[in-house]
Number of protein chains: 2
Amino acid sequence: MTAATHSQTERAIELFHALSDETRLEIIELLRKGERCVCELTDTLDAAQSRLSFHLRVLKDAGIVRDRKDGRWVHYELDPEVFEEVEALISAMKPLAVSRSEACCA
Amino acid sequence: MTAATHSQTERAIELFHALSDETRLEIIELLRKGERCVCELTDTLDAAQSRLSFHLRVLKDAGIVRDRKDGRWVHYELDPEVFEEVEALISAMKPLAVSRSEACCA
DNA sequence: GTCTCCGAACAATATTTATTGATGCGTCGG
DNA sequence: CCGACGCATCAATAAATATTGTTCGGAGAC
């Protein structure tokens, strides 16, 4: 369900899109220091709960964060593996060390 | 003008946003093999010229591609340095190897 | 059970972003 | 000079995303 419907390109779009939002980058910055519950994120980021819930879902769907239920709280933490994946995607974009190609129209 | 108004976070948003679009990723994939003029991109991607021009501008503003005027043609190529920058941004997001923090609310 | 709290999900709206077609500017060929 | 070409830019529209307030379900406290 997570895979198979995802081409490499679609996966890249999903990941980069998830990373291209200020609120979500702030969440990531907070989670670098360790697991946090939603309530603490709303306090720290001074954001409405429904808004954070939305952004956390984007991050979770992209595989950037994981959640863990604990009683009535939900704790989120970064998934370290996803960053390797992003790095691989970036590497796959780097220019090939190829001799200057023919000018296409000169 | 390009800098100084950009915080680290704003820069990350700009870069990841530029990378989170299918057309733009296709452009990047084509440019990996070397410089291309707009006319060739429109042919290969079968996209309207004004549309490509728009996306090329997004990529250029983000510093992902460079353009070079040559008579009436404009050639675009990847800027290799930007990928190092993206990698640095990713590294700066990785979880800190820190002991499990206190549960915030348990 | 009932009440309260935490958080997800929904619906309506606001805001951004992308697409399309038209226009304009510079360059080359005649 | 004139016409064709290559590309950027603009204006209008379409489409995708985000925000807000509300509702709903699960989990503890009593």
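Since the model is a prediction, treat every value here as computed from it, not as a measurement. Note on naming: letters A, B, ... go to the chains in the order of the sequence lines (proteins, then strands), and numbering restarts at 1 for each one.
For B/E14, the salt bridge (Lys or Arg N to Asp or Glu O under 4.0 Å) criterion is met by B/R11, not counting sequence neighbours. Contacts of A/E84 classified as side-chain hydrogen bond (donor to acceptor under 3.5 Å, both in side chains), with partners at least two apart in sequence or in another chain: none. With sequence neighbours excluded, the residues forming a salt bridge (Lys or Arg N to Asp or Glu O under 4.0 Å) with A/E87 are B/K94, listed by chain and number. Every side-chain contact (heavy atoms from CB on, under 4.5 Å) that B/S53 has, sequence neighbours left out, goes to B/Q49. Under the side-chain hydrogen bond (donor to acceptor under 3.5 Å, both in side chains) criterion, B/D79 pairs with no residue, sequence neighbours left out. Shown here are the salt bridge (Lys or Arg N to Asp or Glu O under 4.0 Å) partners of B/D43, two or more places apart in sequence or in another chain: there are none. Annotation: salt bridge (Lys or Arg N to Asp or Glu O under 4.0 Å) contacts of A/R57 (sequence neighbours excluded): A/D61.
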- If the sugar-phosphate is the primed atoms plus P, OP1 and OP2 and the base is the rest, what is the B/S/- string for nucleotides 8-16 of chain D, using protein heavy atoms under 4.0 Å? BB-------

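Using a 4.5 Å heavy-atom threshold, the side chains of A/H17 and A/R24 count as touching.
In terms of position on DNA chain D, the residue among A/A48 and A/H17 whose nearest nucleotide sits closer to the 5' end is A/H17.
The separation between B/L59 atom CG and C/dA18 atom C1' is 14 Å, rounded to whole Å. Taking atom CD1 on B/I13 and atom P on D/dT17, their separation rounds to 16 Å, with Å as the unit. Here the C1' atom of nucleotide C/dT16 and the CD atom of A/E22 are 15 Å apart, to the nearest Å.
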Can you pull every protein N or O that's under 3.5 Å from an N or O on nucleotides 25-30 of chain D?
none

